Engineer: 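Supplied in structure tokens, the structure appears directly below.
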Amino acid sequence: MSNPFAHIVDPLNPEQPEKKFYNLNKLNDSRYARLPYCIRILLEAAVRNCDDFLVKKYDVENILNWSVMQHKGVEVPFRPARVILQDFTGVPAVVDFAAMRDAVKKLGGDPQKINPICPADLVIDHSIQVDFNKRADSLQKNQDLEFERNRERFEFLKWGSQAFQNMRIIPPGSGIIHQVNLEYLARVVFDQNGHYYPDSLVGTDSHTTMIDGLGVLGWGVGGIEAEAVMLGQPISMVLPEVIGYKLVGKPHQLVTSTDIVLTVTKHLRQVGVVGKFVEFFGPGVAQLSIADRATIANMCPEYGATAAFFPVDHVSISYLQQTGREEDKVKYIQKYLEAVGMFRDFNNANQDPDFTQVIELDLGTVVPCCSGPKRPQDKVAVSEMKKDFESCLGAKQGFKGFQIAPEHHNASVKFNYNGRDFELAHGSVVIAAITSCTNTSNPSVMLGAGLLAKKAIEAGLTVKSYVKTSLSPGSGVVTYYLKNSGVMQYLAQLGFAQKNDISNHSLQDSTSQPIEINEPASKQCRQSSNSRQPGFDVVGYGCMTCIGNSGPLPDSVVEAITQGDLVAVGVLSGNRNFEGRVHPNTRANYLASPPLVIAYAIAGTIRIDFEKDPLGENAEGKPIFLRDIWPTRDEIQDVEREFVIPGMFKEVYEKIEKVNESWNNLYAPSDQLYTWNSKSTYIKSPPFFDSLTMDLLPQKSIKDAYVLLNLGDSVTTDHISPAGNIARNSPAAQYLTSKGLTPREFNSYGSRRGNDAVMARGTFANIRLFNKFLNKQAPQTIHFPTKETIPIFDAAERYQQSGLPLIILAGKEYGSGSSRDWAAKGPFLLGIKAVLAESYERIHRSNLVGMGVIPLEYQPGDNADTLGLTGRERYTIIIPEDNDLKPRMNVLIKLDTGKTFEAVMRFDTDVELAYFRNGGILNYMIRKMAN
């Protein structure tokens, strides 16, 4: 059917009549000018894709009438311009596509229909681990190990890039997905098929929102939902409220963008923005670089919003020029956005749109801070860190407590490392990692860290040799400007860079000269090139420590931590610090800016008051305080202006898809249907579609279900489906051992996401999972028929063998954290039919829906405690017949004790109900393609 809005199409340039755009101003509707800028992008997509089938004319009206309809819970479709994936979520997506082709063929359809319609980029950045650090060849050795461990996965992904159209792979060693997206993949405005339109995307990583900082609307979705988008299905979403976040003032000279984002995160968590868009405005925005804005947008999942949008302005255009985008493209981007009313001047209050609610932050009130010890929203001012940590030591076990007896607060353990004696205590820093897209994409904090390292070395300061230091830049551009500015050698001497990276590097089109480097006062760090030494290595280009790929700690350090039951600390410039995520032996983990990561590494402890306590002494015995070596914003910006130049970006990204020879040499079969290898422990055909037929099965009530787990608040996707190491005594380890693998070959759960047998066994395998049945942290539960305490997978397997359905009880914010589809696929394979929680993280609820697992939510004011639920009851959940199913309807729950109560069935839209009737979104798509 023709588009009913074809009459508003105009040429952008009369001299190029073939290049057109949907001119929303020709809707002649005064409501358009009052819409938040992020809603204007939803409107444009609806207008451009309107076919009165998938996108109807009344959908356009509902979006245009946002000021009224935002409160009505109305459902609208959205077709993003593209999809982005990383390899941990990309491998299962390609596995699903391969299995869907098999299923469509089995049902008599054309398997070639399972093919991405929407362009997709897959960046391989989650596989590399910090196995080696503090040596000149750390980068090469870590990359070699990455290929050794993951060759089969990489060959499979390379097959996928050839077998499926519209799928581009960015090889390993290129950088972190969101930084590569920001610096290279983002179009800002598409020029395709004769039309200009706004760039927009969804991604299979929750921090996809980082791109919002450049004015590209994007957010994270479950891998299952992303697969449907790739196949041409629009996202069905509730028209969101939009919180206007007004920034005023100017940051203090000593404040970093990390401090700002941690402040915003805590503020918006307190306000409550779950399921909403946040749009930033006000004169304070004009004070922030694109890197600063991207840092704030990156942590959107941590404050709970769906998107965190900064409209495009002149700063955005300057960034596109700085990062080497073609001048002609930059010109039409600005011209299009101005023509369609999507270009902003943050100093012009007349352009401020209407918002659901306005919240204000004076940037001048932000102070240096960290977040932790267990959640990213728990901000702590640096001046309060020592006091706060010591309070956490004795507090009750929880997000801010470790429940250490008072008499043990000053416990310490002596140990020997590399022939030297050291001592660990509660609060000792054992991991210090400059890592993650959140900060390594920001030249100001990376150069700030380099300048701090320079001043520290010149003052004679160093890092204790047992502290595991690492630097994992988000792209090769970072390495360029750290080298060119001359600070890399100081990071190397402290341990945050490779020793063979210290030479200055000049690009052909660069006229900048390296800053003058003085000989450091202390030469004690210089040792032979491959020996361990105090310092920060460039260990790889990828997520690494932030995703849990922190690698092993020295055995003597682990033994000391275990012997003293010490609360050891990891400090990282990341965005996630949930229990058990960073490293099993760091019970406290703090998010901090890269300069603060270095400061705490030098201090060696979190129990320091930087105002009162020195970092160390110089050669003359003079105490050196953090304030003596901390660079100002003006210092940092001067270096950034000189050394972060377009030539760097052009040189790195011109060759990004071909520069990795190991990738280039990989063999990949050319068959359109994948030939599954039954001996593979990485890639396995999933059982999701084994019994699928074209006929829908009637929905049945869940009868006499047992509770597999009784969980509390803020259970994360890391708890449900960990990405890190596979414990040697776990069910997954037993399975891999049965396949002939040794512990050295186990790799991580994240790397095994193409194998359902491993992932089902890894579901709820996090050692920090707190199960109320056991009243302790352990990946175990009670099998009630036998009253045995056994691993969770083993209990679920017994229930399934007996034909007994399962549910989970949970508290608030169930499924918070990373966008992780296996956190829904795993429970599905364990036989879990429903989850009953007080509230859900948005993406995880969507993933449960996508797998046909029912997300149930307590009525307001109800929870397990108020209803007197112990989890030892058996539950019958009454599911209405198909014709009676309605979005967000109440359902009756009956217990074997005779108690009854109602809960909300969180299928929020009619489309989600259609997925449920089909047994999940993938079954829905297969039937659609095969029909």
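Computed from a predicted model, the values in this text were never measured in an experiment. The figures here come from the full heavy-atom set of this structure, side chains too, leaving out hydrogens, waters and symmetry mates.
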Engineer: Using atom types as modelled and distance alone, determine if a side-chain donor or acceptor of S721 lies under 3.5 Å from a backbone N or O of T717.
Structural biologist: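 Pair absent, no side-chain N/O of S721 close to backbone of T717.
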Engineer: How are the rings of H783 and Y799 set relative to one another: parallel (under 30°), tilted (30 to 60°) or perpendicular (over 60°)?
Structural biologist: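 Aromatic pair H783/Y799 classed tilted.
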Engineer: With rounding to the nearest 0.5 angstrom, report the CG to OH distance, L836 to Y814.
Structural biologist: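 These two atoms lie 11.5 Å from each other.
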Engineer: Out of the candidates N549, V539, I431, only one should pair with V130 under the side chain to side chain contact (heavy atoms under 4.5 Å, CB included) rule; please name it.
Structural biologist: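 Exactly one candidate clears the test, V539.
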Engineer: Would you please test N847 and K825 for side-chain contact (heavy atoms from CB on, under 4.5 Å) and show each step?
Structural biologist: CA-CA 8 Å; N847 274 335; K825 289 176 175 176; over 6 Å; no
Engineer: What are the two closest non-hydrogen atoms of V715 and I720, and how far apart are they?
Structural biologist: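 Heavy atoms of V715 and I720 come nearest at CG1-CG1, 4.0 Å.
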Engineer: Ring centres under 6.0 Å, that's the criterion: do Y600 and Y590 meet it?
Structural biologist: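 No, too far apart.
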Engineer: Any side-chain heavy atom of D131 sitting closer than 4.5 Å to one from P552?
Structural biologist: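 They are in side-chain contact.
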Engineer: With a 4.5 Å heavy-atom cut-off, do N725 and F746 have their side chains touching?
Structural biologist: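 When only atoms from C-beta onward are counted, F746 and N725 do not touch, as no gap falls below 4.5 Å.
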Engineer: The criterion is salt bridge (charged side-chain N to carboxylate O under 4.0 Å, His left out); which residues satisfy it with D259, sequence neighbours excluded?
Structural biologist: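 If we apply the salt bridge (charged side-chain N to carboxylate O under 4.0 Å, His left out) test to D259, skipping adjacent residues, there are no hits.
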Engineer: Nearest heavy-atom pair of I893 and A903: which atoms, and what distance?
Structural biologist: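 For I893 versus A903, the nearest heavy atoms are CD1-CB, 3.9 Å.
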Engineer: Is a donor from one side chain sitting under 3.5 angstrom from an acceptor on the other, for N133 and S470?
Structural biologist: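 Not at all, the side chains of N133 and S470 share no donor-acceptor pair under 3.5 Å.
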Engineer: Measure the acute angle between the ring planes of Y875 and F901, then classify it against the limits of 30° and 60° as parallel, tilted or perpendicular.
Structural biologist: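 Ring orientation, 0 to 90° scale: perpendicular.
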Engineer: Side chain of E873, backbone of G871: donor and acceptor closer than 3.5 Å?
Structural biologist: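 Side chain of E873 to backbone of G871, a donor-acceptor pair under 3.5 Å: yes, one is there.
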Engineer: Please tell me if the side chains of F770 and N775 come closer than 4.5 Å, counting only heavy atoms from C-beta onward.
Structural biologist: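 Side chain of F770 against side chain of N775, heavy atoms only: contact under 4.5 Å found.
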Engineer: Might you point out which heavy atoms bring A411 and L566 nearest each other, and give the distance in Å?
Structural biologist: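 So the minimum-distance heavy-atom pair works out to O-CD2, 4.1 Å.
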Engineer: So, applying salt bridge (charged side-chain N to carboxylate O under 4.0 Å, His left out) with D718, which one of R581, R768, R375 is it?
Structural biologist: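 That would be R581; it is the only one of R581, R768, R375 passing the salt bridge (charged side-chain N to carboxylate O under 4.0 Å, His left out) with D718.
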Engineer: With side-chain contact (heavy atoms from CB on, under 4.5 Å) as the test, would you mind laying out the steps for C546 and N575 before giving the verdict?
Structural biologist: CA-CA 7 Å; C546 188; N575 47 45; 3.4 Å; yes
Engineer: Once the angle between the rings of F773 and F784 is folded into 0 to 90°, is it parallel (under 30°), tilted (30 to 60°) or perpendicular (over 60°)?
Structural biologist: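 Perpendicular: the ring planes of F773 and F784 meet at over 60°.
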Engineer: Mind running side-chain hydrogen bond (donor to acceptor under 3.5 Å, both in side chains) on Q129 and N747 for me, showing each step along the way?
Structural biologist: CA-CA 10 Å; Q129 302 182 33; N747 210 332; 3.1 Å; yes
Engineer: Determine, for D388 against K400, whether the closest basic-nitrogen to carboxylate-oxygen distance falls under 4.0 angstrom.
Structural biologist: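 Result for this pair is yes, salt bridge flagged.
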Engineer: Between E788 and R798, is there a side-chain N and carboxylate O pair less than 4.0 Å apart?
Structural biologist: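 Answer for the salt bridge query: yes.
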Engineer: Give a yes or no answer on whether the side chain of N577 reaches the backbone of N589 with a donor-acceptor pair at less than 3.5 Å.
Structural biologist: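 Yes, the answer is positive, given that a donor and an acceptor are paired below the 3.5 Å cut-off.
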Engineer: Taking all heavy atoms of L262 and all of P376, pick out the closest pair and write down the distance.
Structural biologist: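 The answer is CD2-O, 4.3 Å.
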Engineer: Less than 4.0 Å between a side-chain N and a carboxylate O, is that true for R269 and E302?
Structural biologist: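 Result for this pair is no, no salt bridge flagged.
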Engineer: Quick check on R420: does its CZ atom have over 12 non-hydrogen neighbours (other residues, nucleotides or ligands) under 6.0 Å away?
Structural biologist: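 No, the 6.0 Å shell around CZ holds no more than 12 heavy atoms from other groups.
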Engineer: With the side chain counted from C-beta on, respond yes when L591 and L572 share a heavy-atom pair under 4.5 Å apart, and no when they do not.
Structural biologist: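 Result yes, sub-4.5 Å side-chain heavy-atom pair found.
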Engineer: Show your working on side-chain contact (heavy atoms from CB on, under 4.5 Å) between R587 and I561 and close with a plain yes or no.
Structural biologist: CA-CA 10 Å; R587 287 156 69 184; I561 293 170; over 6 Å; no
Engineer: Can you pull out every salt bridge (charged side-chain N to carboxylate O under 4.0 Å, His left out) where at least one residue sits in residues 826-841? Sequence neighbours excluded, please.
Structural biologist: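 Residue pairs with at least one partner in residues 826-841: K812-E838.
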Engineer: Just how far is it from atom CZ of R576 to atom NE2 of H207, taken to the nearest 0.5 Å?
Structural biologist: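 R576 atom CZ to H207 atom NE2 measures 4.0 Å (nearest 0.5 Å).
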Engineer: Do the side chain of R761 and the main chain of S730 share a donor and acceptor less than 3.5 angstrom apart?
Structural biologist: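 Looks like no, no N/O pair under 3.5 Å.
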Engineer: Could you grab the distance from atom CE of M544 to atom CD1 of I434, nearest 0.5 Å is fine?
Structural biologist: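 That separation rounds to 13.5 Å.
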Engineer: Do S556 and F422 make a side-chain contact, defined as non-hydrogen atoms from C-beta onward lying under 4.5 Å apart?
Structural biologist: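 Answer no - side chains too far apart.
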Engineer: Within the structure provided, determine whether I726 and R752 are in side-chain contact (heavy-atom separation under 4.5 Å).
Structural biologist: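 Yes - at least one pair of side-chain heavy atoms lies under 4.5 Å apart.
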Engineer: Identify the heavy atoms of L424 and A560 that sit nearest to each other, and give their distance.
Structural biologist: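 The pair with the smallest heavy-atom distance is CD1-CB, 3.9 Å.
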Engineer: Given 3.5 Å as the limit, does a donor-acceptor pair link the side chain of N585 with the main chain of V558, or not?
Structural biologist: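 Such a contact is absent between N585 side chain and V558 backbone.
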Engineer: Do E423 and S412 meet the criterion of a side-chain donor-acceptor pair at a distance under 3.5 Å?
Structural biologist: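 Yes, S412 and E423 have a side-chain donor paired with an acceptor closer than 3.5 Å.
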Engineer: Carefully, step by step, assess W630 and L596 under the rule side-chain contact (heavy atoms from CB on, under 4.5 Å).
Structural biologist: CA-CA 9 Å; W630 191 269; L596 277 175; 3.8 Å; yes
Engineer: Tell me if a side-chain donor or acceptor on R607 pairs with a main-chain N or O of H426 at a distance below 3.5 Å.
Structural biologist: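 Looks like yes, one N/O pair under 3.5 Å.
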Engineer: Heavy atoms, side chains only, cut-off 4.5 Å: are L254 and R627 in contact?
Structural biologist: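 L254 vs R627: side chains apart.
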Engineer: Do we see a donor-acceptor contact under 3.5 Å between the side chains of D794 and Q780?
Structural biologist: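 D794 vs Q780: no donor-acceptor pair found between side chains.
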Engineer: Quick one: pull up CD1 in I547 and CD1 in I128 and give me the separation to the nearest 0.5 Å.
Structural biologist: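 CD1 of I128 is found 14.0 Å from CD1 of I547.
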Engineer: Just by modelled atom types, is the L708 backbone N or O under 3.5 Å from a matching donor or acceptor in the T781 side chain?
Structural biologist: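 Here the side-chain-to-backbone pair exists.
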Engineer: Between S436 and N439 (side chain of the first, backbone of the second, donor and acceptor by atom type, cut-off under 3.5 Å), is there such a pair?
Structural biologist: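 Flag not set: sc S436 to bb N439 has no pair under 3.5 Å.
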Engineer: If every non-hydrogen atom of Y840 is compared with every non-hydrogen atom of L848, which pair is closest and at what distance?
Structural biologist: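 Minimum heavy-atom contact is CE2-CD1, 3.9 Å.
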Engineer: Under a 3.5 Å distance rule, please check whether N710 uses its side chain to pair with a backbone N or O of T870 as donor and acceptor.
Structural biologist: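 Judged by distance alone, yes, a pair lies under 3.5 Å.
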Engineer: Out of curiosity, T89 OG1 to D821 CG, how far, rounded to the nearest 0.5 Å?
Structural biologist: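 Here the rounded value is 7.0 Å.
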Engineer: How far does CZ of F389 sit from SG of C370, to the nearest 0.5 angstrom?
Structural biologist: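 Spacing of CZ (F389) from SG (C370) equals 12.5 Å.
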Engineer: Any side-chain to backbone donor/acceptor pair from T265 onto Y303? Under 3.5 Å, distance only.
Structural biologist: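 No, the answer is negative, given that no donor and acceptor are paired below the 3.5 Å cut-off.
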Engineer: Classify the side-chain pair S472/T435 by whether it contains a donor and acceptor separated by less than 3.5 Å.
Structural biologist: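 Yes, side-chain donor-acceptor contact under 3.5 Å.
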Engineer: Regarding K386 and the six-membered ring of F610, is the cationic atom NZ or CZ under 6.0 Å from the ring centre and inside 45° of its axis?
Structural biologist: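 That pair does not qualify as a cation-pi contact.
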Engineer: Quick one, Q734 and T737 - any side-chain contact, counting heavy atoms below 4.5 Å?
Structural biologist: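 They are not in side-chain contact.
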